[in-house]
Engineer: 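The structure under discussion is supplied below as structure tokens; questions concerning it will follow.
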Amino acid sequence: MRDQFLDSQVATNLIALGDPVLYEVHEMSRPEVAGELVQGISIVHPGRVGAEYFMTKGHFHTVLATGELYMCIQGQGMMVMETPDGDWAVEALRPGRVLYVPPGWAHRSVNTGASLDLVTVFAYPGNAGHDYGTIDRQGFRKIVVDRGGAPEVVDNPRWSAPKPGG
Ligand SMILES: [Fe+2]
């Protein structure tokens, strides 16, 4: 995760000081076939790396044409999303909110709360798979930072635009 954060020096220092757990994902494994639904719970702990909130790495689905459903049950946060063409969207997560991530959209949860875990329940098709490599290479176009105690969505200066054809 270190290289996903804007301030990689602060991230390096945090790792040296004990390498805190940023998030946990617990899921019911199901056969990796269409028709199945994998369900689970995602917990993003509160905290920041510099101005940037703790977040998940985020991913595209290997089978791009698969969506995902999230429901927030605790905490405050944002879902940062983007398409392979570089379109982006950021949606608020708060208890009771159901968020549909359409097929083709990469997704990452960000905990913007001061002290509570951000907890979401999710479900996605069994054949979806996870592509973390694309995000490793290009990052997300938008990041969420603390500005004077409130979250703000800003351009990621380290984002590299997707290359045509992959
Ligand atoms: Fe997903």
Side-chain angles (χ1 to χ4, degrees), residues 1-6 11 20-47 49 52-113 116-145 151 153 155-156 158-163 165-166:
M1 278 299 290
R2 178 184 54 207
D3 296 329
Q4 288 298 314
F5 287 103
L6 187 56
V21 173
L22 306 183
Y23 66 97
E24 304 167 41
V25 178
H26 306 276
E27 61 184 29
M28 307 279 289
S29 67
R30 296 296 307 162
E32 295 178 0
V33 297
E36 288 283 354
L37 285 176
V38 180
Q39 332 101 54
I41 192 164
S42 161
I43 303 168
V44 185
H45 299 302
V49 176
E52 204 172 358
Y53 298 100
F54 282 8
M55 60 191 181
T56 64
K57 185 169 202 171
H59 56 265
F60 284 96
H61 291 164
T62 310
V63 178
L64 260 182
T66 52
E68 186 157 353
L69 191 71
Y70 280 85
M71 179 172 167
C72 179
I73 59 173
Q74 180 188 288
Q76 299 290 330
M78 293 186 182
M79 186 71 80
V80 177
M81 296 170 279
E82 73 182 57
T83 70
D85 297 325
D87 290 337
W88 64 274
V90 177
E91 292 287 337
L93 293 170
R94 55 181 175 270
R97 180 148 199 220
V98 174
L99 182 67
Y100 177 58
V101 178
W105 288 75
H107 38 288
R108 155 184 286 170
S109 329
V110 181
N111 184 349
T112 60
L116 278 181
D117 286 338
L118 173 68
V119 184
T120 51
V121 172
F122 59 79
Y124 61 86
N127 64 324
H130 291 90
D131 165 19
Y132 292 101
T134 301
I135 298 303
D136 251 341
R137 286 193 301 278
Q138 72 189 41
F140 275 80
R141 185 168 196 161
K142 296 287 176 177
I143 58 175
V144 187
V145 298
V153 178
D155 285 336
N156 179 4
R158 298 174 70 183
W159 181 69
S160 50
K163 294 172 183 60

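Both ligands and their constituent atoms are indexed starting at 1 by order of listing. Quick note: numbers below take in every heavy atom, side chains included, and nothing from hydrogens, waters or symmetry partners.
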Engineer: Are the side chain of Arg30 and the backbone of Val38 linked by a donor-acceptor contact shorter than 3.5 Å?
Structural biologist: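 Between the backbone of Val38 and the side chain of Arg30 there is no qualifying donor-acceptor contact (under 3.5 Å).
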Engineer: Hey, which protein N/O/S atoms does the Fe ion (ligand 1) have under 2.8 Å?
Structural biologist: His59 NE2, His61 NE2, Glu68 OE1, His107 NE2
Engineer: Would a distance-only check, ignoring hydrogens and angles, find a side-chain to backbone donor-acceptor pair under 3.5 Å from Arg158 to Gly139?
Structural biologist: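 A pair under 3.5 Å: no.
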Engineer: Counting only N and O atoms by type, is there a donor-acceptor contact under 3.5 Å from the side chain of Glu82 to the main-chain atoms of Arg141?
Structural biologist: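 Looks like yes, one N/O pair under 3.5 Å.
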Engineer: Hey, do the aromatic rings of Tyr23 and His45 have their centres closer than 6.0 Å?
Structural biologist: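 When the ring centroids of Tyr23 and His45 are compared, they turn out to be at least 6.0 Å apart.
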Engineer: Does atom CD of Gln39 have more than 12 heavy-atom neighbours, drawn from other residues, nucleotides or ligands, at distances under 6.0 Å?
Structural biologist: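 Enclosed: over 12 neighbouring heavy atoms sit under 6.0 Å from CD of Gln39.
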Engineer: Indicate, with yes or no, if the rings of His130 and Tyr124 have centres closer together than 6.0 Å.
Structural biologist: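 Distance test on ring centres: under 6.0 Å, yes.
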